Amino acid sequence: MKELICMVAMVIMSISSIKMNNEVIKESSIQQIENVELGTFFILKNDIKFIYREKDNESLNLVLEYLNNLPVKVKQGIKEIHFEDKKGDVAGVTKGTSIILYDFSAYDTSTQRHILYHEIGHTFANELGRLNKLDFDKYIEVAKKDKSYLSNYSKKKIKENNNYSEDFADAFSMYFRENDVLKRKHKNRYEYLNNLINGGA
Ligand SMILES: [Zn+2]
């Protein structure tokens with residue numbers, strides 16, 4: 001992200017120098033800043049900005065459909081969803097209110113739902129944190145009580161640096177995909193999440 005901001009700043013600097021002598025160049029450079037790359041589209045739906053290319057059309061429609069199945073409350077922390085090309089074996093990344101999905105169309109539908117809901121789990125946690133409505137120490141305590149792990153990925157993060165944010169995102173995803181399994185096998189996490197999602201707060 002820092003590099004991107006740097007690059008944008010550099011482009012702006014070069015525009016202000018070009019601006020004085022050549023209007024035409026100025027216009028095409030501005031277009032580059034706004035679109036990041038040419039051929040990038042934006043749409044705004046339910047206050048979420050989607051950034052995609054023509055080839056991402058199908059992925060975009062799937063994401064809109066998966067989003068429709070989630071309650072409004074858990075989507076309030078999402079401001080942007082970007083579609084990008086394959087990046088190693090990373091399927092998605094969340095930074096604050098922004099989600100990046102890499103090579104989304106390459107996955108089967110159940111994995112796609114998991115990837116998207118996992119990332120939304122992060123934006124939901126970020127939003128609750130911002131509103132002081134999430135006691136993460138409490139979540140860790142609850143997750144430990146279950147004496148279980150939700151995926152190899154989140155298990156690794158816990159073992160390596162006691163990081164439970166991936167576990168939270170996995171639990172969130174499971175809540176919407178396999179609600180009964182979460183309830184049966186990871187009861188404490190289920191109750192905690194159920195209260196966050198359906199509780200009065
Ligand atoms: Zn994650």
Side-chain angles (χ1 to χ4, degrees), residues 1-2 46-50 62-82 87-102 104 107-201:
M1 199 59 195
K2 262 185 194 148
N46 304 317
D47 289 329
I48 302 172
K49 185 177 177 183
F50 297 86
L62 283 167
V63 164
L64 291 172
E65 189 188 316
Y66 300 145
L67 278 167
N68 270 339
N69 299 324
L70 295 180
V72 171
K73 185 180 179 179
V74 305
K75 296 185 275 195
Q76 279 167 348
I78 319 167
K79 295 280 173 272
E80 288 182 7
I81 298 184
H82 299 241
K87 190 187 177 192
D89 55 4
V90 184
V93 165
T94 294
K95 291 167 189 164
T97 57
S98 172
I99 293 172
I100 305 173
L101 300 171
Y102 297 103
F104 194 72
Y107 300 93
D108 61 67
T109 52
S110 90
T111 311
Q112 284 176 331
R113 285 180 74 220
H114 172 57
I115 294 166
L116 180 69
Y117 291 175
H118 172 103
E119 299 307 331
I120 296 174
H122 287 307
T123 59
F124 183 51
N126 293 342
E127 176 72 358
L128 290 172
R130 195 179 67 81
L131 300 170
N132 281 324
K133 283 182 180 170
L134 181 65
D135 179 354
F136 212 74
D137 288 339
K138 180 72 190 165
Y139 177 75
I140 294 174
E141 198 182 294
V142 160
K144 281 180 176 167
K145 237 192 256 175
D146 277 332
K147 296 190 188 340
S148 60
Y149 294 104
L150 302 180
S151 71
N152 287 333
Y153 176 63
S154 50
K155 179 182 177 178
K156 190 166 164 257
K157 295 286 176 180
I158 292 168
K159 296 270 181 198
E160 275 174 7
N161 34 21
N162 205 36
N163 174 355
Y164 276 81
S165 53
E166 297 307 325
D167 185 278
F168 181 92
D170 274 348
F172 177 92
S173 167
M174 219 170 160
Y175 184 90
F176 290 104
R177 291 177 305 111
E178 303 174 291
N179 191 276
D180 51 332
V181 181
L182 187 70
K183 193 173 185 174
R184 194 159 25 90
K185 293 189 177 170
H186 317 281
K187 187 173 126 301
N188 295 291
R189 288 183 185 88
Y190 171 84
E191 278 165 10
Y192 187 86
L193 275 178
N194 196 42
N195 188 46
L196 276 183
I197 293 162
N198 294 316

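All values derive from a computational prediction rather than experimental measurement.
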Completion exercise
Which of Ile99, Asp47, Thr94 passes side chain to side chain contact (heavy atoms under 4.5 Å, CB included) with Ile78? Answer is Ile99
Suppose we screen for side-chain contact (heavy atoms from CB on, under 4.5 Å). Which residues come up paired with [X], at least two apart in sequence or across chains?
X: Leu131; answer: Glu127, Lys133
X: Asn188; answer: Val142, Lys145, Asp146
X: Tyr149; answer: Lys155, Ile158, Lys159
X: Asn179; answer: Tyr175, Tyr190

Handout entry: Listed once per pair and sorted, the salt bridge (charged side-chain N to carboxylate O under 4.0 Å, His left out) pairs that draw on residues 107-119, sequence neighbours left out
Key =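 Qualifying pairs, neighbours excluded: none.
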Problem - Residue pairs fulfilling salt bridge (charged side-chain N to carboxylate O under 4.0 Å, His left out) with at least one residue in residues 164-188, sequence neighbours excluded - result: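 Checked against salt bridge (charged side-chain N to carboxylate O under 4.0 Å, His left out) - neighbours excluded - the pairs reaching residues 164-188 are Asp167-Arg189.
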Gap between atom [atom2] of [Y] and atom [atom1] of [X] - 0.5 Å precision:
X: His186; Y: Leu193; atom1: NE2; atom2: CG; result: 11.5 Å
X: Ser165; Y: Tyr139; atom1: OG; atom2: OH; result: 10.0 Å
X: Glu80; Y: Thr97; atom1: CD; atom2: OG1; result: 6.5 Å
X: Lys79; Y: Asn126; atom1: NZ; atom2: CG; result: 11.5 Å
X: Asp135; Y: Leu196; atom1: CG; atom2: CG; result: 10.0 Å

Handout entry: pair Phe50-Leu64: side-chain heavy atoms closer than 4.5 Å
Key =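 Sidechains of Leu64 and Phe50: in contact.
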Problem - Test item: Lys75 and Leu67 side chains (from C-beta on) under 4.5 Å apart, heavy atoms - result: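 A side-chain contact exists here, since the closest heavy-atom pair is under 4.5 Å.
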Handout entry: Salt-bridge present (Lys138, Glu141; N to O < 4.0 Å)
Key =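 Yes.
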Exercise for the section: Kindly say whether Ile48 contributes a backbone atom to a donor-acceptor pair with the side chain of Asn46 at under 3.5 angstrom? Expected result: no
Practice task
Name all pairs fulfilling the ring-ring contact (aromatic ring centres under 6.0 Å, His included) condition that reach into residues 112-133, sequence neighbours left out, sorted by first residue then second.
Solution key: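 The answer is His114-His118, His118-His122, Phe124-Phe172.
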Practice task
Name all residues meeting the ring pair (Phe, Tyr, Trp, His ring centres under 6.0 Å) criterion together with Tyr66; count only those two or more places apart in sequence or in a different chain, and write none if there are none.
Solution key: none
Handout entry: Non-neighbouring partners of Lys147 that pass side-chain hydrogen bond (donor to acceptor under 3.5 Å, both in side chains), sequence neighbours left out
Key = none
Exercise for the section: Go through the structure and list residues passing side-chain hydrogen bond (donor to acceptor under 3.5 Å, both in side chains) with Tyr153, not counting sequence neighbours. Expected result: none
